[in-house]
Amino acid sequence: MAERKRILTGVRPTGSLHLGHYAGALENWVRLQGEYECFFLIADYQVSDYADDISRVRDSVWEVALDWLAVGLDPENSSFVVESLVPEHAELTTWLSWFLPLGMLERNPTLKAEMEALERGDETHAGKSVPVAFYTYPVMQVANILMPRAHLVPVGEDQLPHIELTREVARRFNRDFKPVFPEPEALVGRVPRLVGTDGNAKMSKSRGNTIDLKEPRESVAKKVKGMYAGPPRGATEPGVAEENPIFLYLEAFDPDKAEVASLKETYEKSGLPNKVLKDRLDGVLNALLDPIRERRSYYETRMPLVRDALAAGSARGRAAAQETMGFVREALDINYLEKHRNAGPGQ
Ligand code: ATP
Ligand code: MG
């Protein structure tokens, strides 16, 4: 069989995964895991904004692994890699940072927005100074993608600037040294950016506006009930569906597209109580989440299996990384000890 092309993608261990991860990324990972050789990364080098809360990071490594198993990623067929168990990521980041102009980072819109949020402070971060590691995390993300010489990177829309940067770095490296890296393609999920339950532009762990994949039924019901549903409006007053996140969620997760279209029509013509829409959404989300919850509870009672998945996946990730670093050293011509071989006394 021809070698499968490779996928590299990942998340930061900063909390449980949510519907945004699912529709923006995970769904594609599950779909593609048979076709590609996949490396799914838990990026624990990239949580400098949680440096004062390492216990959260530690717990989240397991949470992420459980969520991945729960959505149906298969750790035998794919590799679950803990970033810091493959220290070659740090090494490649250092080499690449030699060749990456500062201006390329300064222009990165995602980085800019995140730094502003960090300095301003949000729910989880009191306003604080930006650590150097935060400034350079896109370089490390480039190293993550290049490490297994990935062809495809399935991610949410906010990651596109990082992948553009990766392509540029790969091109430069291949041109200036040796052709080591494929130029990876981005693949954005069905829902490029899911809005938060508060109506904010992005559902995000750091904003606390999520519905998590492990959320119990009662909690889903409560969150859906409290969801922002567009500007205030009487139940029989026509509304604008695009302004109501409940519709965005129904469009994202309701398998009955015809029914959603018909609800939308009614809503825009003669109005509909938000309760009708919210009750429907509650049912739709639980139908999606029930099998995920079930698989999760299977693994929660068998944590050694989760540990094995992380250990075996990280070992495979490390083997791929060491192979790549061999090519990188050769391309950069830094195999110092290749010289003066067999030059010891008496030889
Ligand atoms: P944090 O706020 O800690 O950065 P996050 O929720 O943004 O957390 P990440 O670990 O940064 O999560 O992102 C993991 C992957 O999930 C990325 O590919 C990202 O684009 C995708 N993703 C995260 N949130 C959403 C969302 N609301 N809609 C679509 N994709 C998303
Ligand atoms: Mg993020």
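Reckoned from all heavy atoms, side chains included, excluding hydrogens, waters and symmetry mates. Counting convention: from 1, in listed order, for ligands and their atoms alike.
The pair R56-D59 does not count as a salt bridge, with every side-chain nitrogen at least 4.0 angstrom from each carboxylate oxygen. With salt bridges taken as basic N to acidic carboxylate O contacts below 4.0 Å, one links E242 and K264. Contact check on R296 versus E63 returns a salt bridge, with a Lys/Arg side-chain nitrogen under 4.0 Å from an Asp/Glu carboxylate oxygen. Ionic pairing of K225 and D282 is not present here: no N-O contact between side-chain nitrogen and carboxylate oxygen is shorter than 4.0 angstrom.
For K5, the side-chain hydrogen bond (donor to acceptor under 3.5 Å, both in side chains) criterion is met by no residue, not counting sequence neighbours. Residues meeting the salt bridge (charged side-chain N to carboxylate O under 4.0 Å, His left out) test with K222, sequence neighbours left out: none.
Ring geometry for F253 against Y249 counts as perpendicular: the plane angle is over 60°, on a 0 to 90° scale with 30° as the lower cut. In this structure, F40 and W29 have parallel ring planes: the angle between them is below the 30° cut-off, well short of the 60° mark.
Not a single N or O atom of A25, backbone or side chain, sits closer than 3.5 Å to an N or O atom of ligand 1. Between H18 and ligand 1, an N or O atom pair is found at a separation short of 3.5 Å. For a threshold of 3.5 Å applied to N or O pairs, the pair formed by Y50 and ligand 1 contains no separation below that value. Ligand 1 has no N or O atom lying under 3.5 Å from any N or O atom of G10, backbone or side chain. At least one N or O atom of M203 sits closer than 3.5 Å to an N or O atom of ligand 1. Distances between N or O atoms of H21 and those of ligand 1 include at least one value under 3.5 Å.
Across the listed options Q159, Q46, K205, R190, Q159 owns the non-hydrogen atom lying nearest to atom 17 (C) of ligand 1.
Residue G24 approaches ligand 1 through these ligand atoms, each under 4.0 Å from one of its heavy atoms: 29 (C), 30 (N). Residue D158 approaches ligand 1 through these ligand atoms, each under 4.0 Å from one of its heavy atoms: 19 (C), 20 (O). Taking a cut-off of under 4.0 Å to the non-hydrogen atoms of R193, the atoms of ligand 1 that pass are 28 (N), 29 (C). Ligand 1 places these atoms under 4.0 Å from at least one heavy atom of V155: 18 (O). Per-residue contacts place S204 under 4.0 angstrom from the following atoms of ligand 1 (heavy atoms of the residue considered): 2 (O), 6 (O).
Using a 4.0 Å cut-off between heavy atoms, T14 contacts ligand 1 through its side chain alone, with no backbone atom that close. At a heavy-atom distance under 4.0 Å, only backbone atoms of P192 (N, CA, C or O) approach ligand 1.
No option in E164, H162, E114 other than H162 meets the side-chain hydrogen bond (donor to acceptor under 3.5 Å, both in side chains) test with N108.
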